[in-house]
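In what follows, a structure is listed as structure tokens, so that the remarks can point back to it.
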Amino acid sequence: MIHNDTEKLIFEQGRAGRVGVDVEGVCLIELDHALPEELRRGPLDGFPEVTEPEMVRHYTRLSQRNVGIDDTFYPLGSCTMKYNPRMNEAVANMKGFTQLHPAMPVKDTQDAFRLLWELEEMLKEICGMDAFTLNPVAGAHGEVTGLKIIRAAIRARGEKRDKVLIPTSAHGTNPASAMLAGFTPVNIEVNPDGSVNFEALEKALDENVAAMMITNPSTLGLFETNIKKIADMLHAKGAFLYCDGANLNALVGIARPGDMGFDVIQTNMHKTFSTPHGGGGPGAGPVGVKKELVPFLPYPQIEKFFSTPGIFIPMTDEHSIGRIHSYYGNFLVLLRAYVYLRTMGARGLREVAEAAVLNANYLRVSLRDIGYRIPFDRPCMHECLIMHDGLPKEIKTLDIAKRLMDKGFHPPTMDFPLHGCFLIEPTETETKETLDAFIKAMYEILIESEVSPELLHDAPHITPVKRVDDVAANRPKNLNLRWNSNKAV
Ligand SMILES: *Cc1c(COP(=O)(O)O)cnc(C)c1O
């Protein structure tokens, strides 16, 4: 709706004395008697006083300013913004699931346990691991959990290794997780083609190394082809190989990290297995491990006793690293992943990876052919990396990103992992028409950068707020916005 650029804050709307719902009027019991004096709230200074329709319209208009996977192409690299089937939501909203409480007697929640256990079985099969924990509630939470498991295993051996090797191409959460788990992260250089540099690895690999964390495919969208050799080098020194499995969308149904020599993996349900994400909502980052690490998994693990139909019981091991979250993790997120896996099936999953990789390569080749530079020009996995240094120097990455918004697209990831790049992840759920429309927009931007660069410098032109000062935006007192019009927003 067009009213967007005149939307006032709710605090600037209404007038003194206006009410939405008159609680006293609709309440059957006398409020005075229902609530003791000391619990009743007095008048609040500066509290919005608006009618119910004013309030409803305000928030409805704000909601229409949202940009999401349900209204546009959202090729945010490293984030796997695939379409989330409505079927997952329908099941996750069923009363039998939403009204479960994890503290109910175990005998009354056997079906929920069975579901979690079956999800673990599917993840074991997909990743080639011996056991899984579903408790972590984000990818980064899974990383910390996986590293704590490694730490516990190393302590159990009577060793004190304290270093974790991380290639410079890794996701930013990796070094942070290593620190949180009590390790010292050590950077390992990558070659010009994006692969791990063996000389640097050999030099750093000593008896103090607990593990190496590798994202495969990497944040450059490239497959680490030497992964078996890297695994052998680490294992020969008694260290573990950790897989940041957030990019599993490129491999699912085709290749298994466990077969490549990885000892631990975290998977992101909210990426690969289609749970809505963004904005910091709930997620799930199950962690899979090889046999040697199973005793250290967090509590509770769900065990199945007897054969069909089986009895499912939460268990712990004396070596467990303990609880990392309340109860069993984010059940409804895990449920969505379960529904997704059951509806896709083994063949469907393989098609996911095939189409995701095909779409990314279609973008890589098409964008290269119209004039963007590809820094690592070999077949990519599920995302492609492009540079805009063929455009006039004064055009910034941000100018292009903002201009893409005018053209109806959510911009890709920018300036990560290289300065002046776009990391574009189309996912498998986009049609060729959508990809072609995106390529056309990127082509128009290329032309505009030559003939009317001000269109880019001044973008976006269609949003109520132009460009937010990222630093000031985090400090409310100094909020310094450049408005699109003279009107207050
Ligand atoms: C998204 C991502 C993470 C972090 O996952 P969260 O769920 O956001 O904590 C870690 N590593 C890689 C490679 C990722 O893409």
Side-chain angles (χ1 to χ4, degrees), residues 69 74-82 84 123 127 133-148 164-181 185 188 190 194 196 211-224 227 241-252 257 260 262 264-288 324-325 329-330 332-334 336-337 353 356-357 360 380-385 412-418 421-427:
I69 189 63
Y74 204 131
L76 202 59
S78 200
C79 294
T80 314
M81 306 301 285
K82 61 170 77 177
N84 308 294
L123 292 174
C127 296
T133 170
L134 304 177
N135 301 355
V137 294
H141 193 198
E143 290 171 31
V144 178
T145 305
L147 289 167
K148 282 187 155 185
V164 169
L165 310 182
I166 303 175
T168 46
S169 61
H171 195 264
T173 48
N174 290 188
S177 297
M179 291 287 288
L180 264 180
I188 300 294
V190 296
V196 170
M212 178 163 189
M213 291 181 92
I214 295 190
T215 312
N216 201 15
S218 73
T219 342
L220 302 168
L222 302 172
F223 189 76
E224 178 61 65
I227 194 63
L241 185 56
Y242 181 100
C243 181
D244 180 333
N247 291 341
L248 194 63
N249 216 46
L251 307 177
V252 63
M260 299 173 201
F262 284 107
V264 187
I265 183 173
Q266 114 272 349
T267 55
N268 287 31
M269 299 298 100
H270 44 291
K271 289 178 180 169
T272 318
F273 301 129
S274 127
T275 282
H277 66 292
V287 170
I324 51 147
H325 195 262
N330 277 333
L332 292 177
V333 173
L334 297 165
R336 286 176 176 88
V357 172
C380 61
M381 298 297 285
H382 62 306
E383 53 195 353
C384 72
L385 192 66
T413 296
M414 47 168 266
D415 282 333
F416 172 84
L418 303 177
C421 82
F422 285 106
L423 184 63
I424 312 175
E425 182 179 2
T427 84

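Any value given below was found using the heavy atoms of this structure, including those in side chains, with hydrogens, waters and symmetry copies removed. Counting starts at 1 for both ligands and their atoms, in listed order.
- Under a 4.0 angstrom heavy-atom cut-off, His141 registers as lying outside contact with ligand 1.
- Between the side chains of Tyr242 and Glu143, not a single donor N or O lies within less than 3.5 Å of an accepting N or O.
- Listed for the Gln266 side chain is no donor-acceptor partner under 3.5 Å among the backbone atoms of Ala140.
- Within the set Thr80, Asn268, Asn249, the minimum heavy-atom distance to atom 5 (O) of ligand 1 is found for Asn268.
- For Leu251 against Pro257, the heavy-atom pair with the smallest separation is CD1-CG, 4.4 Å.
- Although no hydrogens or angles enter the test, the distance criterion places a donor-acceptor pair under 3.5 Å between the side chain of Ser218 and the main chain of Leu220.
- At a distance under 4.0 Å, a protein heavy atom can be found next to atom 9 (O) of ligand 1.
- Every heavy atom of His277 sits 4.0 Å or more from the atoms of ligand 1.
- Closest to atom 1 (C) of ligand 1, if we only count protein heavy atoms, is Lys271 NZ, 1.4 Å.
- Applying the side-chain contact (heavy atoms from CB on, under 4.5 Å) test between Asn247 and each of Lys271, Glu383, Met381, Glu425 identifies Glu383 as the sole match.
- Looking at ligand 1, you'll find an N or O of Ser78 within less than 3.5 Å of one of its N or O atoms.
- Considering backbone and side-chain N/O of Ala138, none are found under 3.5 Å from N/O of ligand 1.
- Between Ala246 and ligand 1, a contact under 3.5 Å exists for no N or O pair.
- The N/O atoms of Gln266, backbone and side chain alike, include none that comes under 3.5 Å of an N/O atom in ligand 1.
- For the pair Pro282 and Asn330, the tightest heavy-atom approach, listed with the atom from each and the gap, is CB-ND2, 3.6 Å.
- Within ligand 1, the atoms closer than 4.0 Å to a non-hydrogen atom of Glu143 are 10 (C), 11 (N), numbered from 1 in the order shown.
- For atom 6 (P) of ligand 1, the closest non-hydrogen atom of the protein is Gly139 N, 3.4 Å.
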Task: Worked verdict on Phe273 versus Leu248 for side-chain contact (heavy atoms from CB on, under 4.5 Å) - done: CA-CA 9 Å; Phe273 301 129; Leu248 194 63; 4.1 Å; yes
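- The atoms of ligand 1 that sit less than 4.0 Å from any heavy atom of Asp244 are 10 (C), 11 (N), 12 (C), 13 (C).
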TODO: Give the intermediate values and the outcome of side-chain contact (heavy atoms from CB on, under 4.5 Å) for residues His382 and Thr427.
DONE: CA-CA 7 Å; His382 62 306; Thr427 84; over 6 Å; no
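- Between the side chain of Ser274 and the backbone N or O of Asn84, no donor-acceptor pair lies under 3.5 Å.
- For a threshold of 3.5 Å applied to N or O pairs, the pair formed by His270 and ligand 1 contains at least one separation below that value.
- Counting the atoms of ligand 1 from 1 in the order shown, those under 4.0 Å from a heavy atom of Thr215 are 13 (C).
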